[in-house]
**Student:** 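Sharing a structure, written as structure tokens. Questions coming.
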Number of protein chains: 2
Amino acid sequence: MLLSKSCVYGLRAALYLAAKNDGEYHSLREMSEELNISFHFLTKILQQLTSDGLMESYKGPNGGVKLSEKGKKATLFDMVIAIDGPGLFTQCALGLPGCGSQEPCPLHESWIDTRASIENMLRRTTLIKIAEEGKAKHFRLTAEGKFSW
Amino acid sequence: MLLSKSCVYGLRAALYLAAKNDGEYHSLREMSEELNISFHFLTKILQQLTSDGLMESYKGPNGGVKLSEKGKKATLFDMVIAIDGPGLFTQCALGLPGCGSQEPCPLHESWIDTRASIENMLRRTTLIKIAEEGKAKHFRLTAEGKFSW
DNA sequence: TAATTTAAAGACATTAAACTCTTAAATAGA
DNA sequence: TCTATTTAAGAGTTTAATGTCTTTAAATTA
């Protein structure tokens with residue numbers, strides 16, 4: 001798969017928060033139930049995004065997480081970098097270290113174009129914009145269409 | 001990563017054979033040494049490609065594997081399908097089962113285009129064509145540039 | 001026929017990703 | 001201050017991918 005499960009879960013949670021975008025903290029329990037993601041696993045992922053500054057968290061009753069200012073400006077690309085790291089956008093398609101225009105592998109030229117188109121797609125818009133569109137068009141964020149923005 | 005390691009190893013081995021393309025069987029020992037791939041692991045992968053009809057094998061002295069007629073016509077796409085399966089070309093970017101134009105996720109429209117560009121890149125040419133170009137331009141197939149077509 | 005070379009098959013081991021559980025720390029409200 | 005709620009942190013488990021080893025079967029050569 002293109003993105004790890006951690007990354008996909010992180011994206012879905014971020015889109016959830018972007019759709020709310022009400023300045024409130026939303027609890028991980030609520031999010032894990034709405035999005036059908038394991039509570040503890042989601043916790044791990046969002047901890048990482050919080051320590052990366054894409055989200056802010058608050059403990060105690062009515063605590064939870066919300067998008068930080070940085071998170072509100074973030075694109076899908078920023079999220080993927082935060083969770084999966086930059087490998088997808090830097091590595092050789094054949095996994096050869098040092099592959100580049102100097103010493104290309106047979107796929108190099110084709111791959112850098114394709115890789116760029118993946119990156120462009122992920123950079124195109126912010127989480128907030130995607131969530132707006134999701135709300136307007138009733139896109140879905142779970143297998144069962146459970147979540148209702 | 002876009003492709004599994006098994007897939008990358010299989011591709012490199014297939015390009016090796018495509019570069020030879022001499023009708024001879026090449027032993028897995030030779031290939032694993034030239035390409036710096038674990039012998040036993042490579043064996044597993046090529047067994048799969050042989051049972052898929054992309055390669056032909058022959059036991060005994062001077063035995064080994066070579067591209068079948070089907071393999072000579074195969075593209076990178078065919079190889080990826082054989083090893084990693086069709087998931088990359090069919091699945092939702094967010095992993096939502098049943099995501100499609102009927103009930104799209106927020107990334108659906110962007111993703112199907114990107115996905116198609118990956119597929120097109122992999123379908124563009126045959127292994128043989130890529131190997132020809134590799135020979136002509138001295139592209140590399142190993143980390144160290146060991147293999148010399 | 002016997003010895004050698006090679007792939008096939010399957011068992012086994014290691015590693016990394018995915019997932020779970022428990023305890024600690026912070027906060028709120030009674 | 002006490003209790004409940006919530007995230008943080010870290011340890012542990014499971015599963016799938018990756019990698020290794022051994023045995024078997026097929027073919028060649030002598």
Side-chain angles (χ1 to χ4, degrees), chain A residues 1-13 16-17 24-68 71 80 83-85 87-88 91 94-95, chain B residues 1-13 16-17 24-68 71 80 83-85 87-88 91 94-95:
Chain A
M1 284 304 301
L2 191 78
L3 306 175
S4 70
K5 283 204 166 190
S6 294
C7 190
V8 165
Y9 293 161
L11 283 178
R12 294 212 277 137
Y16 178 96
L17 292 174
E24 302 288 312
Y25 291 102
H26 293 267
S27 83
L28 298 184
R29 184 65 66 184
E30 164 195 329
M31 294 173 66
S32 75
E33 283 169 4
E34 287 283 322
L35 298 172
N36 280 311
I37 300 172
S38 146
F39 170 73
H40 289 289
F41 196 29
L42 184 60
T43 294
K44 291 287 171 224
I45 298 161
L46 297 198
Q47 267 171 35
Q48 191 178 343
L49 293 174
T50 299
S51 73
D52 254 46
L54 289 163
M55 294 182 182
E56 286 167 10
S57 68
Y58 197 80
K59 290 178 182 173
N62 303 313
V65 295
K66 64 179 178 187
L67 287 185
S68 67
V80 172
I83 301 177
D84 282 347
L88 181 61
Q91 284 173 21
L94 294 181
Chain B
M1 284 300 301
L2 191 78
L3 307 175
S4 71
K5 284 205 166 191
S6 293
C7 190
V8 166
Y9 293 161
L11 282 179
R12 294 212 277 136
Y16 179 97
L17 293 174
E24 301 290 310
Y25 291 102
H26 294 268
S27 80
L28 298 185
R29 184 64 68 183
E30 164 195 330
M31 295 174 66
S32 74
E33 283 168 3
E34 288 282 322
L35 298 174
N36 281 309
I37 300 172
S38 146
F39 170 72
H40 290 290
F41 196 27
L42 185 60
T43 294
K44 292 283 172 232
I45 298 160
L46 298 198
Q47 267 172 35
Q48 192 179 343
L49 293 174
T50 299
S51 74
D52 255 46
L54 289 162
M55 296 183 180
E56 286 168 9
S57 68
Y58 198 79
K59 289 178 182 173
N62 305 312
V65 295
K66 64 180 178 186
L67 288 184
S68 66
V80 172
I83 301 177
D84 282 346
L88 180 60
Q91 285 173 21
L94 294 182

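Each chain gets a letter, A, B and so on, in the order the sequences are listed, and its residues count up from 1.
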**Student:** Give the rounded distance in Å between these two atoms: OH of B:Y9 and P of D:dA17.
**Tutor:** 15 Å
**Student:** Figure out the CG/P separation between A:D52 and D:dA8, and round it to whole Å.
**Tutor:** 13 Å
**Student:** State, to 0.1 Å, how close A:Y9 and A:L42 come at their nearest heavy-atom pair, and which atoms those are.
**Tutor:** O-CD1, 4.3 Å
**Student:** Is A:S6 near enough to C:dA17 that one of its side-chain N or O atoms lies under 4.0 angstrom from OP1 or OP2?
**Tutor:** no
**Student:** Apply side-chain contact (heavy atoms from CB on, under 4.5 Å) to the pair B:V8 and B:M1, showing each step before the final yes or no.
**Tutor:** CA-CA 10 Å; B:V8 166; B:M1 284 300 301; 5.8 Å; no
**Student:** What is the distance from CE of A:M1 to C1' of D:dA16, rounded to the nearest Å?
**Tutor:** 15 Å
**Student:** Of all heavy-atom pairs between B:I45 and B:G10, which one has the smallest distance, and what is that distance?
**Tutor:** CG2-CA, 3.8 Å
**Student:** Closest to the A:S4 side chain: D:dA8, C:dA7, C:dA18?
**Tutor:** C:dA18
**Student:** How close or far is atom C1' of D:dT18 from atom CZ of B:F39, stated in whole angstroms?
**Tutor:** 17 Å
**Student:** A:D84 CG to C:dA16 P: how many Å, rounded?
**Tutor:** 16 Å
**Student:** Has the side chain of B:S68 got a donor or acceptor atom that lies under 3.5 Å from a matching backbone atom of B:G53?
**Tutor:** yes
**Student:** Pick base, sugar-phosphate or nothing for A:Y25, based on heavy-atom distances below 4.0 Å to the nucleic acid.
**Tutor:** nothing
**Student:** Please state how far atom CG in A:L28 lies from atom P in C:dT27, giving the value in whole angstrom units.
**Tutor:** 16 Å
**Student:** Can you tell me if A:Y58 touches the phosphate of C:dA28, counting only side-chain N or O atoms and a distance under 4.0 Å to OP1 or OP2?
**Tutor:** yes
**Student:** Quick check: on DNA chain C, is the nucleotide nearest A:L42 upstream (toward 5') of the one nearest B:P61, or the reverse? Name the residue that is more 5'.
**Tutor:** B:P61
**Student:** For C:dA7, does OP1 or OP2 lie under 4.0 Å from any side-chain N or O of B:T50?
**Tutor:** no
**Student:** Over how many whole Å does the gap from B:K59 atom NZ to D:dT28 atom C1' extend?
**Tutor:** 14 Å
**Student:** Please state how far atom CD in B:Q47 lies from atom P in D:dT20, giving the value in whole angstrom units.
**Tutor:** 16 Å
**Student:** When the nearest nucleotide of DNA chain C is assigned to B:K44 and to B:N62 on a heavy-atom basis, which residue is associated with the more 5' position?
**Tutor:** B:N62
**Student:** Just checking B:G63: base, sugar-phosphate only, or nothing, at a heavy-atom cut-off of under 4.0 Å?
**Tutor:** sugar-phosphate
**Student:** Between the base of C:dC21 and the side chain of A:H40, is there a donor-acceptor distance below 3.5 Å?
**Tutor:** yes
**Student:** Using a 4.0 Å heavy-atom cut-off across all strands, classify B:L46 as base, sugar-phosphate, or nothing.
**Tutor:** nothing
**Student:** Kindly point out which of C:dA18, C:dA7, D:dT28 is positioned nearest to the side chain of A:K5?
**Tutor:** C:dA18
**Student:** Look at A:S38 and C:dT20 and indicate whether a side-chain polar atom (N or O) is within less than 4.0 Å of OP1 or OP2.
**Tutor:** yes
**Student:** Which atom pair, heavy atoms only, marks the closest approach of A:S38 to A:S32?
**Tutor:** C-CB, 4.3 Å
